[in-house]
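A short write-up of the structure that comes next.
Sequence lines set the chain letters: A, B, ... in the order given, protein chains first and strands last, and positions in each chain run from 1.
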There are 4 protein chains.
Amino acid sequence: MKKVILDVDTGIDDAIGIMLAVKSEALDVVGITTVSGNVSLETATINTAKILDLLDDKKTPIFAGAAKPLTRNPHFEHRVHGEDGIGGALKGVATNREIQEQSAVDFIRTQVMNAPGDITLIMTGPLTNLAEAVQQYPEIISAVKEVVFMGGVVKGVGNVTPVAEYNMFADPEAASIVFEAGFHSLTQVGLDVTRSALLKDEHIDHIQNPVLQDYVRTSTATYRNSYFERNGVWACAMHDPLAVAIAIDAELVKTEWLHVTMETNSTYCDGQTICDFQNRLGHPANMHVCLELDEARFFDLFLKLLNA
Amino acid sequence: MKKVILDVDTGIDDAIGIMLAVKSEALDVVGITTVSGNVSLETATINTAKILDLLDDKKTPIFAGAAKPLTRNPHFEHRVHGEDGIGGALKGVATNREIQEQSAVDFIRTQVMNAPGDITLIMTGPLTNLAEAVQQYPEIISAVKEVVFMGGVVKGVGNVTPVAEYNMFADPEAASIVFEAGFHSLTQVGLDVTRSALLKDEHIDHIQNPVLQDYVRTSTATYRNSYFERNGVWACAMHDPLAVAIAIDAELVKTEWLHVTMETNSTYCDGQTICDFQNRLGHPANMHVCLELDEARFFDLFLKLLNA
Amino acid sequence: MKKVILDVDTGIDDAIGIMLAVKSEALDVVGITTVSGNVSLETATINTAKILDLLDDKKTPIFAGAAKPLTRNPHFEHRVHGEDGIGGALKGVATNREIQEQSAVDFIRTQVMNAPGDITLIMTGPLTNLAEAVQQYPEIISAVKEVVFMGGVVKGVGNVTPVAEYNMFADPEAASIVFEAGFHSLTQVGLDVTRSALLKDEHIDHIQNPVLQDYVRTSTATYRNSYFERNGVWACAMHDPLAVAIAIDAELVKTEWLHVTMETNSTYCDGQTICDFQNRLGHPANMHVCLELDEARFFDLFLKLLNA
Amino acid sequence: MKKVILDVDTGIDDAIGIMLAVKSEALDVVGITTVSGNVSLETATINTAKILDLLDDKKTPIFAGAAKPLTRNPHFEHRVHGEDGIGGALKGVATNREIQEQSAVDFIRTQVMNAPGDITLIMTGPLTNLAEAVQQYPEIISAVKEVVFMGGVVKGVGNVTPVAEYNMFADPEAASIVFEAGFHSLTQVGLDVTRSALLKDEHIDHIQNPVLQDYVRTSTATYRNSYFERNGVWACAMHDPLAVAIAIDAELVKTEWLHVTMETNSTYCDGQTICDFQNRLGHPANMHVCLELDEARFFDLFLKLLNA
Ligand SMILES: [Ca+2]
Ligand SMILES: [Ca+2]
Ligand SMILES: [Ca+2]
Ligand SMILES: [Ca+2]
């Protein structure tokens, strides 16, 4: 089993990503860390607790992380993710699940340094927690096994600005620190592939557990609607679940080994992932960029995990 | 006949663009203005003179414009365009052609204001001259009929940096002024279409006039070689000639009416043409963006003009 | 006699500067060029004409220059300079004075190149015209005798932002080009000295010509009032006249030979003149920075000129 | 007694500041937090331990903080502070003092939240730790009693760049977060006053404890030399000790209540503390800016504390 820490700003699709990770027998989720992003840190943390409750999980600890981006103000996305961040699906539900005292950054550090070479980090929110860990404890960089993050786009348009994807736009300074840190293995799961991971009614119909089916259907309703308004298709992209799935099965995607730079200091392009396909800048490659998705294979895995 | 002013930084492909424009019966080239760009202002001006000599043109006046970008230092491209800027094709040739006393900016202003609504500007270098004209004589904006410029890219990679095309990168401040000026009709002819306008041996073979055929073959030799090294195809993109051709026949391309912004103030993205396909920024459209080229139709016109 | 071109954005204090220059026997004003600044180019040009009318000048030609800063939008200051830019002093007065056809930039170029080493440029508005001249005709740089400009501040606060003086703030890109051009002699007349050149009632009382006395009193009334509101003193700083006076008598000020950089690319500091007193950046000095004024001597000269 | 946390990048003058704080009966130093700055985090932490050893302190705990600025790379100053950061004064000395497990940020948070309204923070390094605390635990902002920081300059030149003081320059993003946070009381102790706190031989001679006298003399030797080379005076500025002293006796300085902004996004001005003396930007005041120092009173206190 792969030991992973999942870092989330739960969020509709983070929630489903958590489900895949926790239910997967290939992954050992040693902890979930939360971060300010689509929703506030507090909401992200509560939502994470609710999802673990829903899964009847007894063991996965939750650690709260950064309440704000490194240097910017938060940029929430309630229009997309609903007031509670998970499409209102668990609105009336209370949770008593305990949140750990230890901070997310300290948890990451402790886990990584206690098991050098063993920990995979799956990041599905802004990269604030990991950037802080890198700045405070640079020794973790060489001790992390691999980092898989959902974020950015290298060939198409952004989903916040014309050029920037949300997780990158929300904390570009954090992304820049992570990109330049020098991790052994860093994989970008960007809109270039997540836009093809389109969850449709037919997939939802195949979720066997009625509680999970109902949750997925309800929580994604507004999201699918918002997607429909923009793209004319009743579906929604499984951005964060795809990052989890790729941590389980790297064969889901074709990647290229390229240099990607983060713009942090512009008028219009902050948060853009600048991918140097032709190596014009002469920098060595720093990440595996996902460029093509085997959609069928992804949804096979997706349903297999939810139906496990 | 359409009255046009052609603004050039001659340049291998500007040279061929000049040929198309001067030989076309659809265009009345009232003057050619030169600008610092691929090569220095002086070289661009001399090359323009040599090309008019080659065409045995007796009437088209040449006006020298800006020796430098608005606020930046020049960025020449001798590696691509050869030491003389036109692939060495007319290296030993002298020219006695007179250059006009009037500056490019004053010429543009005079022509436009003397024939309001009549003048089309075809820009195939950095947009410095037009930006200066706009800043000094804002009255020209509403008096220009249309502007067609070669520059930028909205869906692919740049040709100087990962995100910027040369003409935009060389003077982004000028491009920004032109984009925001409010011209009645502004058409971007970017790498998105010019990259499909690939001149190959078979096209050159069909140029009937042996002097022109020889010139085109020789001047593009290094350019085709450099293209080959980067792209693995013996060919070269007719960037600037396509802008001229579109001014003659707008049906060569499919365009969309979109807002495009110029980044001038970033670490990595200066010169990027940010095209807001989903209108996320809420700005009104400001230009016709060429997105698809009818290649066969372009080369038909191309050969028809050179063989006229 | 020193041959000078005076570049103005007339402006209350530019107007008085013009008076000093035209009336001085030490200066031969070969022409006045106008620029967008405190007021629009059109208003600056008309005001300049009115002042020459008032002086009954028969010979000084006026050339209109840039209608806008190099790349920015104009930032007018009607609150300080009054609706007509000269405190309403000549509001009802008409002028028939002809404005030259030649543009300011071409005039500067022609004069400088026709008399290399002979022309002094006195700049009392934003530096747009000179920057354009430098970009278009770099050959003038070594042919100009000296440049004296009113602008910036190196030890105190700004008068537009906390750190920037108006002429610098209005067109920092132009200032940067002028600072880096490499003129033989460049003298900054900043707020550090002009703030000490305080025109008071007692000075005005000593202007003998009743027309000029009345003009100066009227035109500076609102200005003195605005100064009073900010500084609690009924007076007004003779910013631009001091630059003219220093071109006549360099002994009016103590200067240091230092490197000054223009910030053009910041959130809060655009237009700041960064003076490297301790040479921390290691750049060679590029201008004579005025740091101390002999006030009595200045007003002696001021009154001598107005009473000539 | 005032409960304080001292945040240091020890550093020659931080070291003396620690002495003042620990020896003062007016202050109860509940802990010292360290940060990357003049020297690396590790060196700052070891030096802090050595100074506490020298003082024979038995109770003050040390907490290590940020190993790097928020988003930038470290900028060490070994030329000024010597290879070991304290002028080589305790080079051969070993320390066994234990460093706490808890991180600086968590310690600050715990102390502040456990005693709301009681804790004063004295910051004598880059503001990274406090900025992280603010971003991660915004609830501390209203619970901190006051913040006194050494940093910046509002009327003179910088000591790293022409416009920036070291602590601000090293982490401008952190400074900006602290400035904008909204603390009840924030006091800037900048070069405007610390430059007058000049330690001379006569002061050192009056330190009675021979161990401390020797330490102060030795540790400041290179510093005084470097100061001499720049300023021609054998002395050194007690930057950090002055911040500690002001936390003890606010009457040492005259302050004004003003708005100060941090520039983080410029070519030349990053780290500049822009003080809006004339309230041109219209922002409400955010800090007490020290503008005048009672030198005699400071050195009286200084010697009284060292001789306690
Ligand atoms: Ca997410
Ligand atoms: Ca060209
Ligand atoms: Ca002026
Ligand atoms: Ca310090």
Side-chain angles (χ1 to χ4, degrees), chain C residues 75 77 79-80 152-166 168-169 172-173 175-176 179-180 191-192 195 226-233 256 258-283 285-287 289 291, chain D residues 75 77 79-80 152-166 168-169 172-173 175-176 179-180 191-192 195 226-233 256 258-283 285-287 289 291:
Chain C
H75 175 89
E77 291 237 305
R79 207 174 49 82
V80 175
V153 58
V154 298
K155 286 196 162 171
V157 297
N159 61 4
V160 182
T161 74
V163 298
E165 179 275 339
Y166 176 79
M168 303 291 99
F169 180 77
E173 284 77 15
S176 179
F179 290 9
E180 304 302 322
L191 299 179
D192 305 283
R195 276 189 172 128
S226 141
Y227 188 90
F228 176 79
E229 281 171 12
R230 219 178 261 288
N231 302 285
V233 181
E256 283 185 42
L258 292 161
H259 186 84
V260 179
T261 308
M262 173 56 37
E263 175 64 61
T264 62
N265 186 19
S266 71
T267 307
Y268 299 105
C269 301
D270 281 14
Q272 182 173 353
T273 41
I274 301 157
C275 184
D276 195 1
F277 287 101
Q278 304 180 317
N279 197 22
R280 288 184 177 274
L281 305 177
H283 297 313
N286 60 350
M287 67 184 77
V289 177
L291 290 171
Chain D
H75 176 90
E77 292 237 306
R79 208 175 49 83
V80 175
V153 60
V154 298
K155 285 196 163 169
V157 298
N159 62 4
V160 182
T161 73
V163 297
E165 179 275 339
Y166 176 79
M168 303 292 98
F169 180 77
E173 283 76 16
S176 180
F179 289 9
E180 304 303 322
L191 299 179
D192 305 282
R195 276 188 172 128
S226 141
Y227 188 89
F228 176 78
E229 280 171 13
R230 218 177 261 289
N231 303 283
V233 181
E256 283 185 42
L258 292 161
H259 187 84
V260 178
T261 309
M262 174 54 38
E263 175 65 61
T264 63
N265 185 19
S266 71
T267 308
Y268 299 106
C269 300
D270 282 14
Q272 182 173 353
T273 41
I274 301 157
C275 183
D276 195 0
F277 286 101
Q278 303 181 318
N279 197 22
R280 288 184 178 275
L281 305 178
H283 297 313
N286 60 350
M287 67 183 76
V289 177
L291 290 171

Report task. Give a yes or no answer on whether the side chain of D:Thr264 reaches the backbone of D:Glu173 with a donor-acceptor pair at less than 3.5 Å. Result ->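 No, D:Thr264 side chain to D:Glu173 backbone: no donor-acceptor pair under 3.5 Å.
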**Report entry** Test item: D:Asn286 side-chain N/O and D:Val260 main-chain N/O as donor-acceptor pair under 3.5 Å
**Finding:**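 Answer holds: yes.
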Is [X] close to chain C through its backbone or its side chain, or both, or neither, when contacts mean heavy atoms under 4.5 Å?
{"X": "D:Phe277", "result": "side chain"}
{"X": "D:Val154", "result": "neither"}
{"X": "D:Thr261", "result": "side chain"}

Query - Option that, when pairs with chain C are counted at under 4.5 Å, heavy atom only, ranks first among D:Leu281, D:Asp270, D:Val160 - result: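 When all of D:Leu281, D:Asp270, D:Val160 are compared, D:Val160 has the most.
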Query raised in the report: Hey, what's the ring geometry for C:His75 with C:Phe169, parallel, tilted or perpendicular (30° and 60° as the breaks)?
Result: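 Perpendicular: the ring planes of C:His75 and C:Phe169 meet at over 60°.
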Query raised in the report: Among C:Cys275, C:Gly156, C:Pro162, which has the most heavy-atom pairs under 4.5 Å with chain D?
Result: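 The residue among C:Cys275, C:Gly156, C:Pro162 with the greatest pair count is C:Pro162.
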Query raised in the report: Which region of C:Asn159, side chain (C-beta onward) or backbone (N, CA, C, O), has a non-hydrogen atom less than 4.5 Å from a non-hydrogen atom of chain D, or is it both or neither?
Result: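 Interface part for C:Asn159: both.
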**Report entry** Flag if over 12 foreign heavy atoms under 6.0 Å of OH, C:Tyr268
**Finding:**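 Result for OH/C:Tyr268: open.
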Report task. Under the side chain to side chain contact (heavy atoms under 4.5 Å, CB included) rule, what do C:Asn265 and C:Glu263 come out as? Steps first, then yes or no, please. Result -> CA-CA 6 Å; C:Asn265 186 19; C:Glu263 175 64 61; 3.8 Å; yes
